[in-house]
Amino acid sequence: MKKFIFLILTLAIPVSIFLFLKIFGNNEFEVPVLFEDGLPGCGNSGQPHRITPLKFMSSSGATIDTQDMDGFLIFCVFEVADTARLDEYIIQLVRIQDAFYEIGSPTFVLLSDEKGLMSGIIAKTKDIGLQAKHYQLGYLGKSEFSDFFKCGLGLTSAGSANLVVADPERRIRGLYDVMDLEQTEQLILELKILRKQV
């Protein structure tokens, strides 16, 4: 009889903890705004940083303006060094896109400083499944790309981050490395939380 009572208690305690957390638990946390005191060396210290509006040339030659885009944006930076790993890079973007299948994917802004990369990126996105309605691809000249990389997105060449999440107010909410599976999972989780809060 004692063994039976012990067995019941052993099973009841974890089940009741699980049910309590399921009903009353809230697995959400605050996703901070980055660079609230500005970006060092970019002339905006002391003021919250917002990604400046950006106009860039698309692969078809049209001018695209980020001011015309609504909602959350994920800026994706492609450099020449990424060419060998382009498949892996796009696969991770598709994973992020697919995680938002039911609620609508954020817009990816794919930027490169090499015109030659654009056709390769377009071909890979079609082959691997990044849907055209979820991204804008563009080219920036070397100096403009470098300025936007540093003072627009808050990235440094020494860092490994190449994805930047911006909220609808164009505040930076996260910097991530697309090739790090844990970081892309973190991006998905944090973006889902942010979308509920906005």
Side-chain angles (χ1 to χ4, degrees), residues 31 33-83 86 89-90 92-94 96-97 100 104-126 128 130-178 187 190-191 194-195 198:
V31 180
V33 175
L34 303 182
F35 309 115
E36 287 199 274
D37 294 323
L39 283 167
C42 293
N44 62 351
S45 61
Q47 299 178 11
H49 176 69
R50 293 188 193 295
I51 296 175
T52 52
L54 177 69
K55 291 183 181 179
F56 55 90
M57 190 71 65
S58 74
S59 56
S60 63
T63 300
I64 296 171
D65 192 336
T66 56
Q67 275 191 309
D68 299 333
M69 298 179 190
D70 296 324
F72 286 92
L73 301 181
I74 300 178
F75 287 88
C76 314
V77 178
F78 289 90
E79 297 180 272
V80 176
D82 298 321
T83 306
L86 207 49
Y89 200 122
I90 302 295
Q92 293 306 317
L93 296 183
V94 171
I96 296 167
Q97 167 194 270
F100 296 92
S105 176
T107 301
F108 295 91
V109 181
L110 313 178
L111 297 173
S112 173
D113 63 347
E114 286 288 331
K115 279 187 179 177
L117 262 181
M118 292 176 74
S119 57
I121 294 169
I122 290 169
K124 296 292 182 190
T125 55
K126 287 179 181 173
I128 297 173
L130 189 63
Q131 296 176 12
K133 65 182 178 180
H134 294 148
Y135 74 88
Q136 293 288 346
L137 171 64
Y139 162 77
L140 294 171
K142 294 273 186 196
S143 62
E144 191 181 3
F145 182 85
S146 178
D147 289 344
F148 188 70
F149 188 82
K150 180 183 173 196
C151 290
L153 299 177
L155 298 172
T156 62
S157 55
S160 60
N162 43 23
L163 294 180
V164 177
V165 172
D167 65 21
E169 296 177 44
R170 298 303 178 254
R171 297 172 300 177
I172 296 175
R173 302 308 288 265
L175 305 174
Y176 310 90
D177 177 5
V178 73
L187 183 158
E190 291 181 352
L191 189 50
L194 283 169
R195 288 179 65 148
V198 172

Asp113 and Leu140: CA distance, side-chain angles, deciding distance, side chain to side chain contact (heavy atoms under 4.5 Å, CB included) verdict: CA-CA 5 Å; Asp113 63 347; Leu140 294 171; 5.8 Å; no
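Annotation: side chain of Leu187 is in contact with side chain of Ile74 (closest heavy-atom distance under 4.5 Å). Using a 4.5 Å heavy-atom threshold, the side chains of Thr66 and Ile51 count as separate. Side-chain atoms of Leu93 and Leu163, non-hydrogen and from C-beta on, do get closer than 4.5 Å to each other. Put simply, the side chain of His134 does not reach to within 4.5 Å of the side chain of Phe100, judged on heavy atoms. Ser105 places none of its side-chain heavy atoms less than 4.5 Å from the side chain of Lys133. Contact annotation: the side chain of Tyr89 never approaches that of Leu110 to less than 4.5 Å [non-hydrogen atoms, C-beta and beyond]. Between Tyr135 and Cys76, every side-chain heavy-atom pair lies at or beyond the 4.5 Å cut-off. For the pair Leu73 and Thr107, the minimum side-chain heavy-atom distance is below 4.5 Å.
Here NZ of Lys124 is found 11.5 Å from CG of Leu117. Values are rounded to the nearest 0.5 Å. Between the CG atom of Leu153 and the NE2 atom of His49 there is a distance of 7.0 Å, given to the nearest 0.5 Å. To the nearest 0.5 Å, atom CG of residue Leu130 and atom CZ of residue Phe108 are 6.0 Å apart. Atom-to-atom distance recorded for Leu155:CG and Leu39:CG is 9.5 Å, nearest 0.5 angstrom.
With sequence neighbours excluded, the residues that form a salt bridge (Lys or Arg N to Asp or Glu O under 4.0 Å) with Glu114 are Lys142. For Thr52, there are no side chain to side chain donor-acceptor pair (under 3.5 Å) partners two or more places apart in sequence or in a different chain.
Every pair tested for salt bridge (charged side-chain N to carboxylate O under 4.0 Å, His left out) that includes a residue from residues 55-78 fails, sequence neighbours excluded, so the list is empty. Listed by first then second residue, pairs satisfying salt bridge (charged side-chain N to carboxylate O under 4.0 Å, His left out) with a partner in residues 145-156 number zero, not counting sequence neighbours. Applying the ring pair (Phe, Tyr, Trp, His ring centres under 6.0 Å) definition to pairs two or more places apart or across chains, those involving residues 52-77 are Phe75-Phe148.
Between Glu190 and Tyr176, the shortest heavy-atom contact is OE1-OH, 2.5 Å. What you find for Gly41 and Cys151 is that their closest heavy atoms are O-SG, 4.2 Å.
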What donor-acceptor contacts under 3.5 angstrom involve side-chain atoms of residues 167-175, with partners at least two apart or in another chain?
residue, atom, partner, partner atom, Å
Asp167, OD1, Glu169, N, 2.9
Asp167, OD1, Arg170, N, 3.0
Asp167, OD1, Arg171, N, 2.9
Asp167, OD2, Arg171, NE, 2.8
Asp167, OD2, Arg171, NH2, 2.9
Asp167, OD2, Arg173, NH1, 3.0
Arg170, NH1, Gly71, O, 3.0
Arg170, NH1, Asp167, O, 3.2
Arg170, NH2, Met69, O, 2.6
Arg173, NE, Pro32, O, 3.3
Arg173, NH2, Val31, O, 2.5

